[in-house]
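What follows is a set of notes on a single structure, which appears directly below.
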Amino acid sequence: MINVSKLKEGIVIDHIRAGHGYKIFLQLGLDALDDVVVLMRNVESTKMGRKDLIKIETNLDLNLDVLGLIDPDVTITYVKEGKCVQKIKLSPPKTVTGILSCKNPRCITNQEHISDVRFHLVDAKTNLYACEYCDARTRL
Amino acid sequence: MLECKSLIAPSDLSLTELEKLIALARRIIQNPARYAEVCKGKILASLFYEPSTRTKFSFDAAMLRLGGSTLGFSDPSTSSTAKGETIADSARTVGQYADLIVVRHPKEGTAKLMSRYAACPVINAGDGGHHHPTQTLTDLLTIDHYKGNFSGLTVGVCGDLKFGRTIHSLTTCLARFQNVRFLFISPEELAMPVFVKEELDAKGVSYTETTSLEGCIGELDVLYMSRVQRERFISEEEYLRLKDYFVLTTEKMALAKPDMIVMHPLPRVNEIATEVDADPRAVYFDQVKFGMYIRMALIMKLLGMEEPHA
Ligand SMILES: [Zn+2]
């Protein structure tokens, strides 16, 4: 059993749906950090059966849009001097730019390589987004 | 002046704007000469990245009849895109010398992209299988012309309802008006898609699905025909078995109301027998004319042109 010490300074991303932890790890660019980052997978959970969990031993600006896109049900806890200072419940962002790309091969954004395409949330339950140009549905 | 600067999707127009546009088109039909110079000195650029002679002629004729001028291309190989110019750059440059851009492009979302970069209004004349708002406006004006208004109408749409963009757009647009009822007539394989029916359900619009044109034609005020294409069927036998159910003939016309109108987006293949053409209720060739009039109204509105003084 790996010893994950009690966090003194940093962020805990909890209640990640099992399997999404690595996706979040990559999308948040946590592999580029010099600080300690712990990714735990398939942790037993009374509520969820299995869950993933990420501990980051530093306070950084998380891209909440990315988190909301991948898994809006996670809980984020900011820890300072060993104390939980803020808990955040997420919801999927209404619009996102720069994270998603349109998967419709007939969409002009794929011919012209437009990077700032806006996607509008169409279904919060399934985290489905629509391309502002062609209306095709996509999710991360 | 319309709220929207450009027309990309039919839903860009509010119900009030739609009504005002149709009302203006009606006035133009009554007295076209009165509008012959309202757009004098204005230039419309029509950029057709894929050929559609019918649509291009309609826009050009509309602008010329308003006294304006047109320029553009109908073959992308002669334009600067062949030299690799992006859509955004074309929009920026053309927007400098034209007052209005009309664009048709095989890729979905192109008109919207142009509208973002052009300094002038943009009209979508078809972006792949996505939107073609002036076709829908044409259909609305045609119905309005023959029926006076939309309220209380029973509209039958017949043929390939699954893949027909024109039909989805017309249906959802008509559903915005009060008290319109629909009959969807198609083989089960080509039935109206769920997303359209959900939209109707959400608005509380009444519709019925049927496989028999003969069985329901007597109820209709408007019959909108569309092509049933061979390649949509699994087998040749299926196609041959079903196609005749969805072909309009004089026998079926005999069962229809004396003032029902028959519409079709054209070109027609064989879904309307040529013998029906002589029936005064067949208005599909007149639709072309209404297409020009509604485009005249749209050009005036997007350019913010005033009603001419009598
Ligand atoms: Zn798209």
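Chain A is the first sequence line, chain B the second, and so forth, proteins listed ahead of strands; every chain is numbered from 1. What's counted below: heavy atoms across the whole structure, side chains too, no hydrogens, waters or symmetry copies. Model, not experiment: these values are computed from the prediction.
Under the 6.0 Å cut-off for aromatic ring centres, A:Tyr133 and B:His130 do not qualify, their centroids lying 6.0 Å or more apart.
If you tally non-hydrogen atom pairs under 4.5 Å between each of B:Glu108, B:Arg116, B:Lys107 and chain A, the highest count goes to B:Glu108.
Judged by the 6.0 Å and 45° rule, B:Arg104 forms no cation-pi pair with B:Phe48.
Considering NZ of A:Lys55 and CG of A:Asp35, their distance stands at 15.0 Å, rounded to 0.5 Å.
Remark: the B:Thr142 side chain and the B:Gln287 side chain contain no N/O donor-acceptor pair separated by less than 3.5 Å.
Contacts between A:Asn104 and chain B at a heavy-atom distance below 4.5 Å involve the side chain alone, from C-beta outward. With a threshold of 4.5 angstrom between heavy atoms, B:Ala88 approaches chain A through N, CA, C or O but not through any side-chain atom.
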